[in-house]
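Working notes for the structure below.
Position 1 is the first residue of the sequence; numbering continues from there. All figures in this text were calculated on a predicted structure; none of them were measured in a lab.
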Amino acid sequence: MDFLLCIVKYVIEMAILLGIGILGAFIGIKLRRRKDAKTAALADETKE
C-alpha cells in the first residue's frame, strides 16, 4: 500500500509540473507574439 501511495504522489507531482510547463509555454508564446507585433508596428511607422 505504501508503494502505491508513493507512485500516486509522484504522478500528481508530475501532473502539476506538466501543467506549469504548458502554462509557461503558452504565456511565452503570447508574450513573443505581442513583442513581434509591436516591433512590426514600429518598423512600419519608421518606413512611412
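The hydrophobic cluster containing Phe3 also contains Val11, counting ILVMFWY residues as joined when their side-chain heavy atoms lie under 4.5 angstrom apart, directly or transitively. Taking hydrophobic clusters as Ile, Leu, Val, Met, Phe, Trp and Tyr residues chained together by side-chain heavy-atom distances below 4.5 Å, Val8 shares a cluster with Ile16.
Residues meeting the salt bridge (charged side-chain N to carboxylate O under 4.0 Å, His left out) test with Arg32, sequence neighbours left out: Asp36. Listed by chain and number, the residues in a side-chain contact (heavy atoms from CB on, under 4.5 Å) with Leu18 are Ile22 (sequence neighbours excluded). By the side-chain contact (heavy atoms from CB on, under 4.5 Å) test, Leu5 is found to be paired with no residue, residues two or more places apart in sequence or in another chain being considered. Applying the salt bridge (charged side-chain N to carboxylate O under 4.0 Å, His left out) rule to Asp2 yields no partners; only residues at least two apart in sequence or on another chain are considered.
A distance of 9.5 Å separates NZ of Lys35 from NZ of Lys38, quoted to the nearest 0.5 Å. In this structure, CD1 on Ile27 lies 10.5 Å from CD1 on Ile20, to the nearest 0.5 angstrom.
Taking a 4.5 Å side-chain heavy-atom cut-off between Ile, Leu, Val, Met, Phe, Trp and Tyr, the cluster of Ile29 contains only that residue. Side-chain heavy-atom separations under 4.5 angstrom define the hydrophobic clusters, and Leu42 shares its cluster with no other residue.
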